[in-house]
Structure formats: C-alpha cells, structure tokens
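Heads up, the thing below is written out as structure tokens.
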Amino acid sequence: MLDKKVSELLNDQINKELYSGYLYLDFSVYYQEQGLDGFANWYMIQAQEERDHAMLMLQYMQNNGEHITLNQINKPDKVCKTLKDPLGFALEHERYVTSLINTIYDAAHAVKDYRTMQFLDWFVKEQGEEEKNAEDMVKKFELFGTDPKSLYMLDNEMAGRTYSAPSLTL
C-alpha cells in the first residue's frame, strides 16, 4: 500500500491529467474552428497523451491496491481570443503540471517510497519534454505566426504529428 498522502496526490493527479486532456481538446476545437487543422491535430494528440498519463497513474494505483476516486472534470476556463492564446496557455499549464508532479515526487521521497519515485521518473522526464515542446511552439508562432504564408507552413508542420502511446512498463 502507498502512503496516504502519496496516494491522495496520485489520485488527484489522475483527475488533473484528465482535465489537461479536456483543456487540450478545447484548444483543438478552437484551432479547428479557425481553419488551422494542423494546430487542431497537435492539440488532439496532446489530449490523447494526457488521457494516457491519467491511465498510467490509475493503473499504478490499482497495481498497488489503492482505491481511486474520479472527480468531476471542470470545464476548461481559458478563453482564446487570438491564435497565440492556446500556445501560451499550454505552456503555463505544462509548468503547472510539472509543479504537481514535483509535489508528488517530494511526498514520495519524504516517506522513502522509492517505487513511486521510480514510477514518477518517467513523468519528470516527460514534463521536461512537454515544457520544451510548448516553449518551442510559442517561439515558432512568435517568429512566423503573423505572416500568412509562414503560418500556413507552421500549420502543415503541426499536421504531421502522429500519436504514439507512452511506453512505460508498470
């Protein structure tokens, strides 16, 4: 069994990962409505990844005999007024998720729960990649997003992203 606080934080993180998926689905819908299918594709894949993150945590908790409570997922609260808005919101959100993962890691470390720390190592690395991707998208948009031809090319680049399920052995 897991430490009570670690278990509660992991359970809460499952719900937060599901919210992340919901947020990115909202961004995908926004870009689809703006005619930017590539950006819509990018965020649709992000939504799938976040769901997978939740499922990995859920499976980990089940493998450790923990009870899981699924809470209501809030409606995304970000209002996109410009094409750049979802990109900035995503970067802000990924930094927030990183802080949440770090909090769980700290709690596991405090009780010498090395198995959970090892499990979370993948998420720590993943969050580094997520933040880098979000930062890169903001930078690319700032460089190219105001020029229609460059935005078209950037959108085509985003359309090339394919889904790859995480390969984490529990």
Side-chain angles (χ1 to χ4, degrees), residues 1-28 30-31 39 42-64 66-82 84-142 158 161 163-170:
M1 292 196 58
L2 299 175
D3 172 78
K4 184 177 180 350
K5 181 177 180 180
V6 171
S7 180
E8 288 172 356
L9 288 169
L10 282 168
N11 192 102
D12 190 45
Q13 190 62 31
I14 291 168
N15 289 287
K16 289 188 182 337
E17 295 290 339
L18 292 170
Y19 171 81
S20 295
Y22 201 35
L23 177 67
Y24 291 144
L25 182 61
D26 192 46
F27 293 167
S28 178
Y30 171 78
Y31 279 125
F39 283 87
W42 179 274
Y43 281 107
M44 184 63 71
I45 289 171
Q46 279 300 113
Q48 291 172 312
E49 282 189 3
E50 300 303 337
R51 180 191 172 277
D52 282 349
H53 295 168
M55 296 306 290
L56 287 168
M57 289 183 181
L58 185 139
Q59 185 65 56
Y60 179 76
M61 288 189 64
Q62 287 177 328
N63 288 351
N64 284 279
E66 295 297 313
H67 174 74
I68 295 154
T69 303
L70 297 176
N71 296 317
Q72 178 177 333
I73 301 171
N74 293 329
K75 178 182 177 187
D77 62 349
K78 303 298 182 191
V79 178
C80 301
K81 296 179 182 175
T82 71
K84 184 182 170 188
D85 283 347
L87 305 175
F89 293 149
L91 176 56
E92 174 187 307
H93 186 73
E94 289 301 337
R95 288 176 176 159
Y96 169 66
V97 172
T98 296
S99 75
L100 296 172
I101 297 296
N102 290 343
T103 298
I104 303 168
Y105 201 100
D106 287 344
H109 184 264
V111 295
K112 298 183 179 182
D113 182 352
Y114 302 114
R115 182 175 47 203
T116 298
M117 290 165 58
Q118 183 179 26
F119 169 71
L120 291 172
D121 283 343
W122 183 86
F123 288 94
V124 170
K125 181 179 181 230
E126 175 72 6
Q127 280 310 119
E129 293 171 8
E130 295 288 4
E131 284 189 43
K132 172 91 168 78
N133 286 338
E135 287 171 359
D136 288 350
M137 288 186 69
V138 168
K139 287 177 186 175
K140 285 180 181 181
F141 192 87
E142 287 173 348
M158 299 301 128
R161 184 179 187 198
Y163 179 69
S164 178
S167 59
L168 177 63
T169 306
L170 299 180

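Basis for what follows: all heavy atoms, side chains included, without hydrogens, waters or symmetry-related copies.
The shortest non-hydrogen separation linking Gly21 to Ala47 is O-CB, 3.3 Å. For Leu18 against Ile73, the heavy-atom pair with the smallest separation is CB-CD1, 3.6 Å. Nearest heavy-atom pair across Tyr105 and Met117 is CE1-O, 3.3 Å. Closest heavy-atom contact between Lys81 and Asp85: N-OD2, 2.7 Å.
Within the 3.5 Å criterion, the main-chain N or O of Met57 finds no donor-acceptor partner in the side chain of Gln13. Asn133 places no side-chain N or O within donor-acceptor distance of the main-chain N or O of Glu130, the cut-off being under 3.5 Å. In this structure a side-chain-to-backbone donor-acceptor pair under 3.5 Å is missing from Tyr30 to Val79. When atom types are taken as modelled, the side chain of Ser28 and the backbone of Tyr24 share no donor-acceptor pair closer than 3.5 angstrom. A distance-only check finds no donor-acceptor pair linking the side chain of Asn11 to the backbone of Ser7 [under 3.5 Å].
Taking Asp3 as the reference, nothing meets the side chain to side chain donor-acceptor pair (under 3.5 Å) condition, with sequence neighbours excluded. Applying the salt bridge (charged side-chain N to carboxylate O under 4.0 Å, His left out) test to Lys125 and every residue at least two apart in sequence or in another chain returns Glu129. Remark: Asn102 pairs with no residue by the side chain to side chain donor-acceptor pair (under 3.5 Å) rule, at least two apart or across chains. Residues meeting the side chain to side chain donor-acceptor pair (under 3.5 Å) test with Thr103, sequence neighbours left out: none. Under the rule for a ring pair (Phe, Tyr, Trp, His ring centres under 6.0 Å), the partners of Phe39 that lie at least two apart in sequence or sit in another chain are Tyr31.
Asp113 CG to Asn64 CG: the interatomic distance, rounded to the nearest 0.5 Å, is 7.5 Å. Note: Glu66 CD to Lys4 NZ = 10.0 Å, rounded to the nearest 0.5 Å. Of the inter-residue distances, the one linking Leu120 atom CG with Ile101 atom CD1 reads 6.0 Å to the nearest 0.5 angstrom. Separation of atoms CZ (Phe123) and CG (Leu10) is listed at 9.0 Å; rounding is to 0.5 Å. Here the straight-line distance linking atom CG of Leu2 with atom CZ of Arg115 works out to 6.5 Å at 0.5 Å rounding. Distance check, rounded to the nearest 0.5 Å: OG1 of Thr116 to CD of Gln118 gives 10.0 Å.
Only one option out of Phe89, Phe27, Tyr22 pairs with Tyr43 in a ring-ring contact (aromatic ring centres under 6.0 Å, His included); it is Phe27.
The shortest distance between side-chain heavy atoms of Glu142 and Val138 falls below 4.5 Å. Side-chain contact between Met61 and Ile14 is present, with heavy atoms from C-beta onward closer than 4.5 Å. Counting only heavy atoms from C-beta outward, the side chains of Lys16 and Val97 never approach each other to under 4.5 Å.
Among pairs with a residue in residues 17-26, none fulfils salt bridge (Lys or Arg N to Asp or Glu O under 4.0 Å), at least two apart in sequence or across chains.
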Q. Lys132 and Asp136: salt bridge (Lys or Arg N to Asp or Glu O under 4.0 Å), yes or no, with the steps?
A. CA-CA 6 Å; Lys132 172 91 168 78; Asp136 288 350; 2.9 Å; yes

Q: Please assess Glu126 against Glu49 for the test side chain to side chain contact (heavy atoms under 4.5 Å, CB included), listing each intermediate value before the final yes or no.
A: CA-CA 11 Å; Glu126 175 72 6; Glu49 282 189 3; 3.8 Å; yes

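The pair Arg95-Glu135 meets the salt-bridge criterion, since a charged nitrogen lies less than 4.0 angstrom from a carboxylate oxygen.
Other residues, nucleotides and ligands contribute over 12 non-hydrogen atoms within 6.0 Å of the CZ atom of Arg161.
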